[in-house]
Amino acid sequence: MVSKHKLEEVTAKSLRRKILAHFKQVKQSDSEETKDSLRALHEPAVQVELLKNQKWIKANYPKYSKYFADGIDMAPAKIKPILIEVNDEHWANLFRLARLTWSLPFTRGYGRRLRYVLLDEANEKLIGVLGLQSPPLDFPVRDKLFNYPEGRKIELVNQTMDIYTLGAIPPYNRLLGGKLVALTAASNEVRQAYSKKYTGAVTEIDKRTLPARLVALTTTSAYGRSSIYNRLNYNNRAIAYSIGYTEGYGSFHLAPLYPLVCEFLEKSGEVIRGGFGVGPRIMWQNYKRVFSLLDLPSQLLKHGVRREAFLFPLSSNLENYMSGKASRPVYYHQSFQDLVDWWCERWLLPRADRVDGWHAWDKEQIEHLLTLKKS
């Protein structure tokens, strides 16, 4: 449901009252953590993003609807995935449209980014999207794994990336296309694209040139335990493995209030905008600032959704490299095509034989997913 809060004159007292009332309402609606209940918890934030993007969606969806498949467009045995790096407006628009169909709030990514669309060359339809961004400097479930040498944590962490968007689009998701996108993240092609794009790049904050090596990826599941990343393997070697759960903090559950928060901070001269040196969690930082100004507890940022975290090692000596015991990573070699072939044999074809439901998919449902729900 889209927020009904109006951008009226916001006082400290009124905003404090609204924040507390909204948080109480969210907590009262908490139920057992099923995927459906977690989707419902994210729904208000998703609707806020759809509202912001409605004009753009209506202008662009007709131009890109041809990339979304009906079930009858698919022939599992003929699926031929190709990987396209997003380097122009055309593919960026398709990436954005696909991402806006999901039941998680839209995010553009932060810092160093790589974005991809996967197409089925057999019918020129979209299989899925992949987005990687700069990693968080502090990520407890990752940091407990490595004994960083003194003074080198920033250098080493910045040779990893965080997967912020990963998934398959219907009807390919029903044939485990999400596992293909996840395998793609660990491909030689993605690692090499990172090196090509960022070799010689100077950091904006401290003006350093960091090694353009990509040695590992991290990500967190959307809804608690993940079905995409668990048992993800290539030639029976794990591509990703669970490293624990996040603590359940964030700001998505307060998203309907964000326009009011920004209005209040703007008038107070305290609002944080995007930009280098600010960090990736701008919404989080603005909530922290307003909570301080309104004398509200930071516990209001605890939504309680503990996401499973995963590590994708791209080198066989990752632990030694991150601890400074190895001077260079020893990479796994797994080409995109080899990963595609493994996915087809291991997941796609067996799934197509066992599971139906994708035949009847009507791409008109994509347009429905991009439409605001009536409140």
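Remember, it's a predicted structure, so these values are computed and weren't measured experimentally.
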Side-chain touch Glu364/His368, heavy atoms, less than 4.5 angstrom:
no
Would you tabulate the side-chain donor-acceptor contacts of residues 65-74 under 3.5 Å, counting partners in other chains and residues two or more places apart, or write 'none'?
from	atom 1	to	atom 2	distance (Å)
Tyr67	OH	His90	NE2	2.9
Asp70	OD1	Lys363	N	2.7
Asp73	OD2	Asp70	N	2.8

Any chain of hydrophobic side-chain contacts (each under 4.5 Å) joining [X] to [Y]?
| X | Y | answer |
| --- | --- | --- |
| Tyr61 | Trp102 | yes |
| Val215 | Val330 | no |
| Leu349 | Val340 | yes |

Is the backbone N or O of Lys288 less than 3.5 Å from a side-chain atom of Ser292, with the two atoms forming a donor-acceptor pair by type?
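Side chain of Ser292 to backbone of Lys288, a donor-acceptor pair under 3.5 Å: no, none is there.
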Indicate yes or no: does Lys153 engage Asp138 in a salt bridge with an N to O separation below 4.0 Å.
yes
When rounded to the nearest 0.5 angstrom, what distance separates [atom1] in [X] from [atom2] in [Y]?
| X | Y | atom1 | atom2 | value |
| --- | --- | --- | --- | --- |
| Glu121 | Ile127 | CD | CD1 | 10.0 Å |
| Tyr116 | Asn87 | OH | CG | 8.5 Å |
| Arg115 | Leu132 | CZ | CG | 11.5 Å |

Please work out whether the ring planes of Tyr229 and Phe310 are parallel, tilted or perpendicular, with thresholds of 30° and 60°.
tilted
More than 12 heavy atoms of other residues, nucleotides or ligands under 6.0 Å from CD of Gln337: is that the case?
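Yes, the 6.0 Å shell around CD holds more than 12 heavy atoms from other groups.
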Salt bridge (charged side-chain N to carboxylate O under 4.0 Å, His left out) partners of Asp362, counting only residues at least two apart
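Partners of Asp362 under the salt bridge (charged side-chain N to carboxylate O under 4.0 Å, His left out) test: none.
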List the atom pairs, with distances to 0.1 Å, where a side-chain N or O of residues 171-186 and a protein N or O form a donor-acceptor pair under 3.5 Å, not counting sequence neighbours.
from	atom 1	to	atom 2	distance (Å)
Tyr172	OH	Asp120	OD2	2.8
Tyr172	OH	Asn123	OD1	3.4
Tyr172	OH	Asn123	ND2	3.1
Arg174	NH1	Gly357	O	3.2
Lys179	NZ	Ser227	O	3.1
Lys179	NZ	Ile228	O	2.8
Lys179	NZ	Asn230	O	3.3
Thr184	OG1	Leu180	O	2.9

